[in-house]
Amino acid sequence: MLTKAASSLLFLATLGLVVAEIFSPGVCPDYPLIGVPACYVMVVLFGLITFLVFTKYNYSRHLFYPAWLIAFISSLYFSYGELANIQDCPRAFGIPIPLCFLVPPSLALILWLKKNHK
């Protein structure tokens, strides 16, 4: 139950960033190599992770871990970019710190919950 709540919250927060990016382009940094805003890629990954957390099919674990790993590595990349002043991560929802700093611990929590609270 907690895994579903945590993954849903992460997905909905990122969906809010996508809406903000649509109405005010430049809110999210561009994803390397493909040149689209990172929040678009991350909302797809978080949506897939959330969907797989809610399903009990055998294939879900084969898709969950690669999606989780891509999202985790991407979040570390953008966190590093923020720390190195290469790009700016969005600050939203009244949170004074960059949101990319919150994603790695959130993903770690989702992974821990998935493994320990079935």
Side-chain angles (χ1 to χ4, degrees):
M1 177 96 154
L2 291 174
T3 310
K4 292 176 183 177
S7 62
S8 297
L9 182 63
L10 193 60
F11 172 71
L12 291 173
T14 310
L15 196 58
L17 286 176
V18 168
V19 170
E21 178 69 29
I22 289 170
F23 289 110
S24 300
V27 171
C28 298
D30 283 344
Y31 201 86
L33 302 177
I34 56 177
V36 299
C39 51
Y40 293 175
V41 175
M42 298 306 275
V43 80
V44 169
L45 291 170
F46 297 153
L48 180 60
I49 289 168
T50 302
F51 172 75
L52 295 171
V53 164
F54 276 90
T55 61
K56 297 288 183 183
Y57 299 114
N58 290 334
Y59 67 85
S60 66
R61 67 185 169 116
H62 299 294
L63 296 174
F64 174 84
Y65 293 107
W68 183 92
L69 186 62
I70 292 168
F72 189 75
I73 290 171
S74 297
S75 67
L76 291 177
Y77 171 81
F78 287 109
S79 294
Y80 169 76
E82 174 71 27
L83 288 172
N85 289 324
I86 297 171
Q87 79 248 339
D88 290 327
C89 288
R91 290 164 176 82
F93 313 114
I95 301 171
I97 61 172
L99 295 180
C100 58
F101 293 166
L102 302 177
V103 175
S106 299
L107 286 169
L109 175 66
I110 290 169
L111 183 65
W112 182 80
L113 288 170
K114 182 165 175 49
K115 288 184 171 274
N116 294 309
H117 296 90
K118 303 241 177 207

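Only a predicted model underlies this, so the values are computations on that prediction, with no experimental measurement involved.
- Taking the side chain as every heavy atom from C-beta outward, F46 and V103 approach each other to under 4.5 Å.
- Heavy-atom minimum distance, L99 versus R91: CG-CA, 4.5 Å.
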TODO: Would you please test L109 and T3 for side-chain contact (heavy atoms from CB on, under 4.5 Å) and show each step?
DONE: CA-CA 8 Å; L109 175 66; T3 310; over 6 Å; no
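- More than 12 heavy atoms of other residues, nucleotides or ligands shown are found within 6.0 angstrom of CZ on F54.
- Scanning both residues, I110 and S7, for their nearest heavy atoms gives CD1-CA, 3.6 Å.
- Between the side chain of S79 and the main chain of C100, a donor-acceptor pair closer than 3.5 Å is present.
- With values rounded to the nearest 0.5 angstrom, T50 atom OG1 is found 9.5 Å from L9 atom CG.
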- [ ] Evaluate the side-chain contact (heavy atoms from CB on, under 4.5 Å) criterion for residues T14 and Y40: first the C-alpha distance (whole Å), next the side-chain angles of each, then the deciding distance (0.1 Å), finally the verdict.
- [x] CA-CA 8 Å; T14 310; Y40 293 175; over 6 Å; no
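- Note on I34: it clusters hydrophobically with L76, by side-chain heavy-atom contacts below 4.5 Å among ILVMFWY residues.
- Closest heavy-atom contact between E21 and P37: OE2-CG, 3.6 Å.
- One N or O on the side chain of E82 and one on the backbone of C89 form a donor-acceptor pair closer than 3.5 Å.
- One N or O on the side chain of S75 and one on the backbone of F72 form a donor-acceptor pair closer than 3.5 Å.
- The shortest distance between side-chain heavy atoms of V41 and V44 does not fall below 4.5 Å.
- Minimum heavy-atom separation, S74 to M42: CB-SD, 3.8 Å.
- The minimum heavy-atom distance between A20 and V27, with the atom names listed, is O-CG2, 3.8 Å.
- The shortest side-chain heavy-atom distance between F78 and Y31 falls under the 4.5 Å cut-off.
- Following chains of ILVMFWY side-chain contacts shorter than 4.5 Å, one cannot reach I86 starting from L83, and the two form parts of different hydrophobic clusters.
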Open item on the list: The test is side-chain contact (heavy atoms from CB on, under 4.5 Å); show your working for F64 and L111 and say whether it passes.
Closed with: CA-CA 10 Å; F64 174 84; L111 183 65; 4.0 Å; yes
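- Y77 and Q87 get closest at one heavy-atom pair: O-NE2, 4.0 Å.
- In this structure, V43 is a member of the same hydrophobic cluster as V36, with clusters built from ILVMFWY side-chain heavy atoms closer than 4.5 Å.
- Both L69 and F51 are part of a single hydrophobic cluster, where members link through side-chain heavy atoms under 4.5 Å apart.
- In this structure, F11 is not a member of the same hydrophobic cluster as V19, with clusters built from ILVMFWY side-chain heavy atoms closer than 4.5 Å.
- Put simply, the side chain of W68 never gets that close to the backbone of I49: no donor and acceptor are under 3.5 Å apart.
- Taking CG of L102 as the reference point, atom CG of L107 lies at 11.0 Å (rounded to 0.5 Å).
- We find the CG-SG distance between L17 and C28 to be 5.0 Å, quoted to the nearest 0.5 Å.
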